[in-house]
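Let me begin by presenting the structure, written as structure tokens, before commenting on it.
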2 protein chains.
Amino acid sequence: MKKVTINSVASYAGVSKKTVSRVLNNEPNVSDATREKVLKVFKELDYTPNPIARGLAQNRSFIIGCIYDNPSKSYITRVQTGALAACQENNYNLLIHPCDLRGDALISNIEHLLQSSRLDGLVLTPPFSDFKVLVDFLKSKKIPYARVASAVLEDDSISVRSNDEQGAFEITEHLINLGHKAIAFIKGHPDHSATEQRFKGYRRALSTHGIEFNERLVEEGNFSYHSGVDSARSILDLTPRPTAVFASNDYMAAAVLKLATQRQLKVPDDISIAGFDNAPIARHIWPGLTTIAQPVEEMTQQAVNKLIEHIGDPQEQPYQVTLEARLITRESTAQVK
Amino acid sequence: MKKVTINSVASYAGVSKKTVSRVLNNEPNVSDATREKVLKVFKELDYTPNPIARGLAQNRSFIIGCIYDNPSKSYITRVQTGALAACQENNYNLLIHPCDLRGDALISNIEHLLQSSRLDGLVLTPPFSDFKVLVDFLKSKKIPYARVASAVLEDDSISVRSNDEQGAFEITEHLINLGHKAIAFIKGHPDHSATEQRFKGYRRALSTHGIEFNERLVEEGNFSYHSGVDSARSILDLTPRPTAVFASNDYMAAAVLKLATQRQLKVPDDISIAGFDNAPIARHIWPGLTTIAQPVEEMTQQAVNKLIEHIGDPQEQPYQVTLEARLITRESTAQVK
DNA sequence: CTACATTATGACACCGGTGTCAGGGTTGAA
DNA sequence: TTCAACCCTGACACCGGTGTCATAATGTAG
């Protein structure tokens, strides 16, 4: 396939490079006749502009980076799906970059990424969405960024989230309405802002319904399945055993379910279990997990769309949205006996 | 941050652009003194070459594309992990591109991707690895590609796989050794080459051990959890009920487990269940699934490494490797009663 | 009909690198 | 000593677009 460049189009159409460029970019000040002539040549020659040359001239790469450090594969996949959808709408591409949260290495890692890829913008996913050091760094370097599922909304950034606190409140309330009073809670990873939000929702539901908070019912997890196993062990060993467990995500909830089943406990007859996120595993196991569904794809797609808009026009307003999370009840929770 | 370009480095070091470029690319014919001088300036000025400019000059993007259409999220994540590892070693970036297998749209979709991104190469993951139309298209366009987990090895391409047929043989044999004779089988998606391979391994194990193949024990699935539910229903309704089920992947196996549990069957006491892939779910459920572990990350990493090598030097030999798959026994399979 | 604003177009430099080639300096063999 | 071969280096064009500015063509007000 011989290369079709802007030069061939220009000479073929009998106009200058610059005019072709104007048509490409929908610039004003091109006569309708000329525009149509050029557009026709585009088709005839099957011309596609070279994004690299374009990037060089405009100092843009048309690539968005997505950074993550998340134990939940399904979460990442959903984030990617949403980001990809937005990228495709805007003729951007998505570059994925897993990286470790810990330590100073992060900033230099990101710095290297930015220098070596010249990304136009960055999507921050949990736990990076609320990582102040990183956000400040990006701000100082004037790198456009968007935050997905951050706990805090700030005035001057793009941020799309869902209401974790409210979701946790609702699912806890659901358990309370089923008659549960001793509801154990497994926390998430301390670096994720969702961890605190979900914990807050749990506590608010308890206090709203006049149930005293009991610290012994709270276990520290980190969102991983493995941590869920450890927490589950402690919880199931308690006497009296709680009648329900609310884990901060579905993987940990699945771990509780596995351990409970291993110990011959019937779920939900002997113990109710609830999770969070509506990960695939929540419906792949028996009994299916009652959980909170967040519109992760939608959140990410909106965030990336706004990010790209912002890149095109840095005057663009900040964008802060909170989407609804909703309760999904399955078989893992039932009326207390 | 003011921009550090090759020009600033050159004038600062008192040499020409071209000499700086030579140092950058480790070209010969640069005196040691000059080379060191330039390298020192790199550090002092904290210079990073602009990949976009480089790409324009060399007509390369330093980006590898990875295309997929796979219902298994965990498989995709593993592929990405391996591909990213290889990319990072070689200062490449990874661009992910989900797309539909079906129809003519695929080729034009890929064509558009190539034109708009100028990818240096493509990684084909199942089911694309064995999709002849696509492979032929890439060959005709002279786009470098590598195939992951393809069934067939061809002479002139890069292809890294594991032995699905052998894996299926071993897990079936494992069931036979436990005394099972009526072993149901759930096939995968017909477009995936692994589907046929795994079926072959199953049949070979049966015939090796003198067990007659029974077509009624075979169900058509498509690797999705949902299809597993349907197949499980048919299998569990059989009389006499098979004593074991071998599903072509873990999601479908998990579906069998869920349905069996719903029907009050004890696994593995009443029925043994085996999967394939060693997906996370295999160890997240109870009982854990006996399955076959394939080194997906390793496969992809090798494939991408070779692909990048090939891009740098198109004379590079073809590369064809088959890695070992290994049996992992968990609680879902046991001696027949 | 002139004076001036506005629109349409192209020439040319530029983005930040790499490829080609020519020229000066060394080295080694004749 | 001479000449070819080789090593090192830089000038310059080029990759394929975009930005700036000058200029020609057209429109509009006085």
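Lettering of chains follows the sequences in order, A, B, ..., and the numbering in each one begins at 1.
Of the candidates D:dT18, C:dT20, C:dC15, the closest approach to any side-chain atom of B:Lys18 belongs to C:dT20. Candidate nucleotides D:dC7, D:dG16, D:dG10 were compared by shortest atom distance to the side chain of B:Leu56, and D:dG16 ranks first. Taking the side chain of B:Arg54 as heavy atoms from C-beta on, and the options D:dT18, D:dC8, C:dT18, the nearest nucleotide is C:dT18. Among the nucleotides D:dG16, C:dT18, D:dC8, the one closest to the side chain of A:Ala57 is D:dG16. Considering only side-chain atoms of B:Thr5, the nucleotide from C:dG19, D:dT9, C:dG16 that sits closest is C:dG16. For A:Thr34, counting side-chain heavy atoms from C-beta on, the closest listed nucleotide (C:dT9, C:dG16, C:dG19) is C:dT9. Of all nucleotides listed (C:dT18, D:dT20, C:dT20), C:dT20 comes nearest to the side chain of B:Arg22.
Across all strands, A:Pro49 comes closer than 4.0 Å only to sugar-phosphate atoms, never to a base (heavy-atom distances). Using a 4.0 Å heavy-atom cutoff across all strands shown, A:Asn25 reaches sugar-phosphate atoms only and no base atom. Here B:Asn50 lies in heavy-atom contact (under 4.0 Å) with sugar-phosphate atoms only. At a threshold of 4.0 angstrom between heavy atoms, the contacts of B:Val20 with the nucleic acid are absent.
No option in B:Lys306, B:His310, B:Gln302, B:Glu309 other than B:Gln302 meets the side chain to side chain donor-acceptor pair (under 3.5 Å) test with B:Tyr319.
Of all heavy-atom pairs between A:Cys99 and A:Leu106, the closest is SG-CD1, 3.9 Å.
Scanning atom types as modelled, one donor and one acceptor separated by under 3.5 angstrom connect the side chain of B:Lys17 and the base of C:dG17.
Here D:dG19 presents its C1' atom at 15 Å from CG of A:Leu24, a figure rounded to the nearest Å. Distance, B:Ile6 CD1 to D:dT9 C1': 14 Å, rounded to whole Å. Protein atom CZ of B:Arg35 is 9 Å distant from nucleotide atom P of D:dC8, rounded to whole Å. Between the CZ atom of B:Arg118 and the C1' atom of D:dG17 there is a distance of 11 Å, given to the nearest Å. As a whole-Å value, the separation of A:Glu27 CD from D:dT20 C1' is 12 Å. As a whole-Å value, the separation of A:Ile52 CD1 from C:dC14 C1' is 18 Å. To the nearest angstrom, P of C:dT9 lies 10 Å from CG of A:Asp32. Spacing between atom CG of B:Asn29 and atom C1' of C:dT27 amounts to 15 Å, rounded to whole angstrom units.
Distances shown here put every side-chain N or O of B:Thr19 at or beyond 4.0 Å from the OP1 or OP2 atom of D:dT9. Listed pair A:Tyr47 / D:dG16 fails the phosphate criterion, with no side-chain N or O lying under 4.0 Å from OP1 or OP2. Put simply, A:Ser21 has a side-chain N or O that comes within less than 4.0 Å of OP1 or OP2 on D:dT18. One finds a side-chain N or O of A:Ser16 lying less than 4.0 angstrom from the OP1 or OP2 phosphate oxygen of C:dG10.
Under a cutoff of 6.0 Å and an axis angle of 45°, A:Arg78 and A:Tyr75 do not form a cation-pi pair.
Under 3.5 Å, the side chains of B:Thr77 and B:Ser74 contain no donor-acceptor pair of N or O atoms. Between A:His97 and A:Asn109, the side chains place a donor N or O and an acceptor N or O closer than 3.5 Å (distance only, hydrogens not considered). Inspection of the A:Gln294 and A:Glu324 side chains reveals no N or O donor paired with an N or O acceptor under 3.5 Å.
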